[in-house]
2 protein chains.
Amino acid sequence: MGKQRIYTISELASEFGITPRTIRYYEEVGLLASTRESQNHQRLYDARSRARLKLILRGRRFGFSLGEIKEMIELYDVDPTQKEQLRRTIEYGDRKIAEVEEMIADLIQIKEEMLEFRERFTGLLTDLEQKEERGKAGV
Amino acid sequence: MGKQRIYTISELASEFGITPRTIRYYEEVGLLASTRESQNHQRLYDARSRARLKLILRGRRFGFSLGEIKEMIELYDVDPTQKEQLRRTIEYGDRKIAEVEEMIADLIQIKEEMLEFRERFTGLLTDLEQKEERGKAGV
DNA sequence: GCATGTGCTTACGTTTACGTCAACGTTATA
DNA sequence: TATAACGTTGACGTAAACGTAAGCACATGC
C-alpha cells in the first residue's frame, strides 16, 4: 500500500498556497470531503483528498468555476457497472477533451503572437541602441 | 488602408456573444475606449477597438482577471522610443510567455490524463457489453 | 495551571464582473 | 405623430469565491 500520511487543514493549505478558509469553503460547497478526528472534530485529509484538492486547484487555474470543476471531478465517482452512466461519462469526457484541445490550440496561437510582438520590440530596442552608438561615435 | 467599418455597441456584443452592458463595463474600468457620435453620444467602435475587445475576451477565457488583462494589453501602448520602457515591456512579456508555455504544458498533461481515463471507461463499457452478449447467447 | 497555538462554527463583509431597471433622448417606421 | 427600437447615464442588485472576526474547544509547553 502507499504510505498513509494524513494532513491537517493548515498543512494542506500552506502546501498549496491557499488558506484554510478556502479548503473549508470547498467542503461547504461539496467539492472536498474530510474525515474528522472523533472527539476533536478536527478535519483530516488523506492522500486521496489531497489529490482531489490538487485537481480542484488545477481546474481553478484555468478559469473553470467551482461548479464546472465539481461536475468534472464527479466523473471519477461514476458507477463502473452502469452502462448508461458510463456512456454519458464518456460522452461528457469527449466534450471536455475537445475543449482542452481548443484551449491548447488557442494558447499556442497566443504564444506565437507574443513571440512576434517580442521580436518587434527587441528590434526597436537594438535600433535605439545602435542610434545611440552612432551618436557617441559622432562626438 | 483597411476598410474602416465601424460598429455599434450591440453589433459588437452580438458578434462576440456578450451583452452591451459588458462592453460598457470594460469602458468603465478603462479597458476599452470608444469614440462617440457627436450630438448623439452613441458609442462607436472601429477595427482597432474590436481587436482590443477580442483580446480582452481571450484573456477572460483563460481565467485572467480584468486587472491582469489590462496590464497585459497596455503593453501594446508602450512608447517605442523609450529604451527603459521597451526593456521592461520585453521582460514582462518574457514572463508572460513563460506562463503561457507552462499552461500549455499543463493542459497537455491534463489531456493525456483525460484520454487515459476515457480508455479505462470505454474498456469497462465493452466488457459490460460482452458480458451481456454472452448472457443472451446462454439463453 | 495558564497562556499560546490550532482548529471549529457561525455569520457578516468584500471584491469582481457583470445583471437589471428606471428615466430619458434620438431615429426609423407605420 | 406616435410608437417601437436602440441608445444613454445613473444606480442598485447579485452570484461566486472567498476574507475576516467573534466566541468557543482542545492540546501543549513552560
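Note on naming: letters A, B, ... go to the chains in the order of the sequence lines (proteins, then strands), and numbering restarts at 1 for each one.
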- Polar side chain donor-acceptor pair, A/Y92 to A/E71, under 3.5 angstrom: yes
- So, does A/D79 use its side chain to make a donor-acceptor pair with the main chain of A/T81 at under 3.5 Å? yes
- Message: Please report the distance, rounded to the nearest Å, between OH in A/Y26 and C1' in D/dG19.
- Response: 13 Å
- Note on the structure: Of the candidates D/dC26, C/dT9, D/dA16, the side chain of A/Y25 sits closest to D/dA16
- For atom NE2 of A/H41 and atom C1' of D/dA25, their distance in whole Å: 11 Å
- Out of C/dC18, C/dT9, D/dA17, which has the shortest distance to the side chain of A/R36? C/dT9
- Query: Under 4.0 Å: is that the gap between some side-chain N or O of A/S10 and OP1 or OP2 of C/dG7?
  - Reply: yes
- Task: Check the distance between D/dT9's P and B/R24's CZ and give it to me in whole angstrom.
- Result: 7 Å
- Is the phosphate of C/dC8, meaning OP1 or OP2, less than 4.0 Å from a side-chain N or O of A/R43? yes
- Query: How many Å lie between CZ on A/F64 and P on D/dA16, as a whole number?
  - Reply: 18 Å
- Integer-rounded Å distance: D/dA27 P and A/Q39 CD: 7 Å
- Message: Please tell me if B/R60 has a side-chain N or O lying less than 4.0 Å from either OP1 or OP2 of C/dA17.
- Response: no
- Item | Short side-chain to backbone donor-acceptor contact, A/N40 and A/Q42, under 3.5 Å | no
- Just by modelled atom types, is the A/E116 backbone N or O under 3.5 Å from a matching donor or acceptor in the A/E119 side chain? no
- Query: Taking for each residue the nucleotide of DNA chain D with the nearest heavy atom, is it A/T19 or B/I9 whose nucleotide lies nearer the 5' end?
  - Reply: B/I9
- Note on the structure: Whichever of A/N40 and B/G67 has the more 5' nearest nucleotide on DNA chain C, that residue is A/N40
- Mapping B/T8 and B/R21 onto DNA chain D by nearest heavy atom, which one lands closer to the 5' end? B/T8
